**Q** 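Please find one structure pasted underneath; my questions will follow.
Note that the structure is predicted; figures quoted are calculated from it, not measured. For this chain, numbers begin at 1 and follow the sequence in order.
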Amino acid sequence: MSTREDTGTEGDQLGTSLKPRHITMISIAGVIGAGLFVGSANAIKLAGPAVLISYSLAGLLVILVMRMLGEMATAHPDTGSFSTYAERALGRWAGCSIGWLYWLFWVLVIPVEATAAAVILSKTVGGPQWSWALLVVVLLTVTNLFSVGNYGEFEFWFALIKVLAIAAFLVLGALAIFGLLPGSGVSGVHHLWDTGGFMPNGAGAVIAAMLTTMFTFMGSEIVTIAAAESPEPAKGITKAVNSVVWRICLFYIGSIFVVVALVPWNTLDSATGSYQAVLQAMNIPAAAGIMDVVVLVAVASCLNSALYTASRMLYSLARRGDAPRAAGRTTKRGVPAVAVLSSMILGFLAVIGNYVLPEKLFGYLLATTGAVALFVYLVIAVSQIALRRRESTPSPLRMWFFPWATYAVIAFIVFVIVAMIVDPDQRSAVGLSTALAVIVVAASVAHQKRVDGRVS
C-alpha cells in the first residue's frame, strides 16, 4: 500500500489524513451522481414503471462487483485498486491497460461535469459559461492540491447535502403517496400501472433502460481507492462494501419508485428532470431552484471525485513504472501534485474542446469511454477468481457463493455488452470503447515487452 503519515517531507508516499467520516460519506456519495437526478428521466421514458427492474438488475451487478473488489481491497489496500489487482492476477499489461482506461474515463468526466455546473451557474447568476467552468475546475483543483483531507472534507459536505436531499425527497414522496402531504396535487401509486401497464414498452425496453442506468453507478468503487489514504483502510472498505446494498436500494430504487408512482412515466422531460417534475406535482415551492442547487452539488461532487480518482490512478501507474515518473512524486502533505495538475490540465483542455469542437465530434470522444465501466467490472471479476485461488491468507471480506456468483457476474457483463452491440443507440459507444481498449492494450503489451527487454 503506497501511503504514509504526513511527515513534512517530499517523497513518493501518499498521506493518510482521510477520516472515517470522510470514507463513510465518500462511499455514500459514490452512488449518488447527477445522473440520478437528471438522467433517470431518460431511463424512465424507455421502460416506464418497469425501470425499477432495470435499476434493480444494474444495482445487483454493482453490489456483486463491489463485494469482489472489497475482498481484494481488504486483503491488499492500494490506491491503484483494481488496476493493481489486475496486474497481480493477469499480468502487468492488464493492470496498465485498465488503469489508463479508467484514468481517461475520469479525465473526460471533468469537462462533462464542469460544463453542467457552468450551465446552472450561468443561468442563475449570469456570466459566460466558460468562466464558470474554469472557476469550478480551478477551485476544486486547489482544494485537491492542499491535502487529501481537503478532498475528503469537500466530499463529506457534498455527500451530506445529497443524502439530505434524497432523504427529504423520500419523506415527501411517502407522505404524498399516503395522501398526507398538504397541498400535494398527486397521491397513491396508481401510475405504476395506469399508463399502458407496468411494462408498457416490453422486456426489450427494460434491457435498454438497464444499459442507460448501468453507468450512473460508476463511482461506487472510488471508496476502495480513497480508503488507502486513511489510517484503517480495511475497516473503511469493509464498512462501505457491507452498506452498498441498502444504499442502492434506498437512494436509487426507493427514490425512483416515488417518481414512477406519483407521476405518469410518459410525461417526464429529460430537460426538466424526473425529481423536479415530482416536486412540482407535489406543489413544493421553488422546486426548480431547489433541484438546481441539488444538481449543482451533485455535479461538483462528481467533478471533485473525478479529479481525485484520475490523479490517484495516474499516481499508481507512475509508481508501477507505467506512467511518467514525475506523476509518482508527492508533496510534503502526501499529495501527488503532478498527477493532480496533469489530470486537471487535460480535463480542462477537454472543457475547451467541448466548446470549440463540433458537438458530434466531442460526443464521439465521450463515447470512447461508454463501456469502460463494463470493462472495469469484467476485469475485477476475472482478477478476483485468479487471486482467490492463489491466496495464502483469507481476506476478512469474502465474495458470496464463490466461484458461481463470480461466474454469473462475468456472464451477465458479457450479456450486457452483446445487448449494447444489438441496441442501435448503444452500438457506437461499445464499438468506440472496444477500439480504444484494443489500442490501450496493444500499447500496454508493447510497453511490457520493452520493460522486460531492458530487465533481461
**Q** Could you check Tyr315, Tyr151, Trp103 and say which one makes a ring-ring contact (aromatic ring centres under 6.0 Å, His included) with Tyr308?
**A**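 Of the listed options, the one satisfying the test is Tyr151.
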**Q** Consider only side-chain N and O atoms of Ser301 and Glu155, and report whether a donor and an acceptor are under 3.5 Å apart.
**A**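 Distance-only check passes for Ser301 and Glu155.
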**Q** Salt bridge check, Arg333 against Glu229: does any charged N sit closer than 4.0 Å to a carboxylate O?
**A**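 A salt bridge is absent here (no side-chain N lies under 4.0 Å from a carboxylate O).
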**Q** Only one of Thr309, Val372, Leu307, Leu314 clears side chain to side chain contact (heavy atoms under 4.5 Å, CB included) with Trp106; which?
**A**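 Between Trp106 and the candidates, side chain to side chain contact (heavy atoms under 4.5 Å, CB included) is satisfied uniquely by Thr309.
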**Q** Using side-chain heavy atoms (C-beta onward) and a distance below 4.5 Å, is Met210 in contact with Val51?
**A**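 With C-beta onward as the side chain, the pair stays apart.
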**Q** Taking the ring of Phe82 and the ring of Tyr102, is the distance between their centroids below 6.0 Å?
**A**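 Under 6.0 Å, so yes.
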**Q** Using 0.5 Å steps for rounding, measure from the CD atom of Glu232 to the CG atom of Leu18.
**A**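 Going from CD on Glu232 over to CG on Leu18, the span is 13.0 Å.
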**Q** Applying side-chain hydrogen bond (donor to acceptor under 3.5 Å, both in side chains), can you list everything that pairs with Trp100, at least two apart in sequence or on another chain?
**A**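 Applying side-chain hydrogen bond (donor to acceptor under 3.5 Å, both in side chains) to Trp100 gives none.
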**Q** Judged by atom type as modelled, is there a donor-acceptor pair below 3.5 Å linking the side chain of Arg247 to the main-chain atoms of Ala240?
**A**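 Flag set: sc Arg247 to bb Ala240 pair under 3.5 Å.
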**Q** Picking from Leu211, Ile417, Val416, what satisfies side chain to side chain contact (heavy atoms under 4.5 Å, CB included) with Val430?
**A**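 Answer after filtering Leu211, Ile417, Val416: Ile417.
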**Q** Is it true that atom CH2 of Trp246 has more than 12 heavy atoms of other residues, nucleotides or ligands lying nearer than 6.0 Å?
**A**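 Yes, CH2 of Trp246 has more than 12 neighbouring heavy atoms, counting only those of other groups under 6.0 Å.
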**Q** Is there a donor-acceptor contact under 3.5 Å from the side chain of Arg67 to the main chain of Arg398?
**A**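 Yes, the answer is positive, given that a donor and an acceptor are paired below the 3.5 Å cut-off.
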**Q** Can you find a heavy atom in the side chain of Ile256 that is under 4.5 Å from one in the side chain of Ser40?
**A**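 A side-chain contact under 4.5 Å exists here.
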**Q** Using ring-ring contact (aromatic ring centres under 6.0 Å, His included) as the criterion, list what pairs up with Tyr377, not counting sequence neighbours.
**A**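 With sequence neighbours excluded, Tyr377 shows a ring-ring contact (aromatic ring centres under 6.0 Å, His included) to no residue whatsoever.
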**Q** With rounding to the nearest 0.5 Å, note down the distance linking CD1 in Ile63 to SG in Cys249.
**A**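 Interatomic distance, Ile63 CD1 to Cys249 SG, rounded to 0.5 Å: 5.5 Å.
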**Q** Using distance alone, with no hydrogens and no angle criterion, decide if Ser316 and Arg320 have a side-chain donor and acceptor under 3.5 Å apart.
**A**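 The criterion, which ignores hydrogens and geometry beyond distance, is satisfied for Arg320 and Ser316.
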**Q** So if I apply the side chain to side chain contact (heavy atoms under 4.5 Å, CB included) rule between Leu145 and each of Asn150, Leu341, Thr331, which one comes out positive?
**A**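 Testing each of Asn150, Leu341, Thr331 against Leu145, the sole residue satisfying side chain to side chain contact (heavy atoms under 4.5 Å, CB included) is Leu341.
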**Q** Heavy atoms, side chains only, cut-off 4.5 Å: are Lys19 and Ser230 in contact?
**A**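 No. Closest side-chain heavy atoms not under 4.5 Å.
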**Q** Let's go through Val441 and Trp93 carefully: what are the C-alpha distance in whole Å and the side-chain angles of both, what is the deciding distance for side chain to side chain contact (heavy atoms under 4.5 Å, CB included) to 0.1 Å, and is it a yes or a no?
**A** CA-CA 7 Å; Val441 169; Trp93 67 270; 4.0 Å; yes
**Q** I'd like to check the ring-ring contact (aromatic ring centres under 6.0 Å, His included) partners of Tyr85; sequence neighbours left out, ordered by chain and number.
**A**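 By the ring-ring contact (aromatic ring centres under 6.0 Å, His included) rule, Tyr85 matches no residue at all.
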**Q** Just checking, any donor-acceptor pair under 3.5 angstrom between side chains of Asp78 and Thr84?
**A**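 Side-chain D/A pair, Asp78 to Thr84: present.
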**Q** Hey, mind stepping through Glu71 and Gln384 against side chain to side chain contact (heavy atoms under 4.5 Å, CB included) and telling me if it holds?
**A** CA-CA 8 Å; Glu71 178 179 296; Gln384 189 257 339; 3.1 Å; yes
**Q** Using every non-hydrogen atom in the two residues, find where Ile44 and Val260 come nearest and quote the distance to one decimal.
**A**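 Looking at all heavy atoms of both residues, the shortest contact is CG2-CG1, 4.0 Å.
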**Q** Can you tell me if Asp322 uses its side chain to pair, donor with acceptor, with the backbone of Ala318 under 3.5 Å?
**A**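 Side chain of Asp322 to backbone of Ala318, a donor-acceptor pair under 3.5 Å: no, none is there.
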**Q** Quick one: does Ser122's side chain have a donor or acceptor within less than 3.5 Å of a partner on Val119's backbone?
**A**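 No, the answer is negative, given that no donor and acceptor are paired below the 3.5 Å cut-off.
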**Q** Taking Asn304 for its side chain and Ala300 for its backbone only, find out whether a donor-acceptor pair lies under 3.5 Å.
**A**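 Not a single qualifying donor-acceptor pair exists.
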**Q** Around atom CZ of Arg21, are there more than 12 heavy atoms from other residues, nucleotides or ligands closer than 6.0 Å?
**A**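 Atom CZ in Arg21 is packed in, count exceeds 12.
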**Q** One pair to check against side chain to side chain contact (heavy atoms under 4.5 Å, CB included): Tyr275 and Val295. What are the steps and the verdict?
**A** CA-CA 10 Å; Tyr275 289 73; Val295 171; over 6 Å; no
**Q** Within the distance-only criterion (no hydrogens, no angle test), does the side chain of Lys162 pair as donor or acceptor with the backbone N or O of Val297 below 3.5 angstrom?
**A**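 No, the answer is negative, given that no donor and acceptor are paired below the 3.5 Å cut-off.
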**Q** Going by atom types alone, do Thr74 and Thr238 pair a side-chain donor with an acceptor below 3.5 Å?
**A**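 On atom types as modelled, these side chains do not qualify, holding no pair under 3.5 Å.
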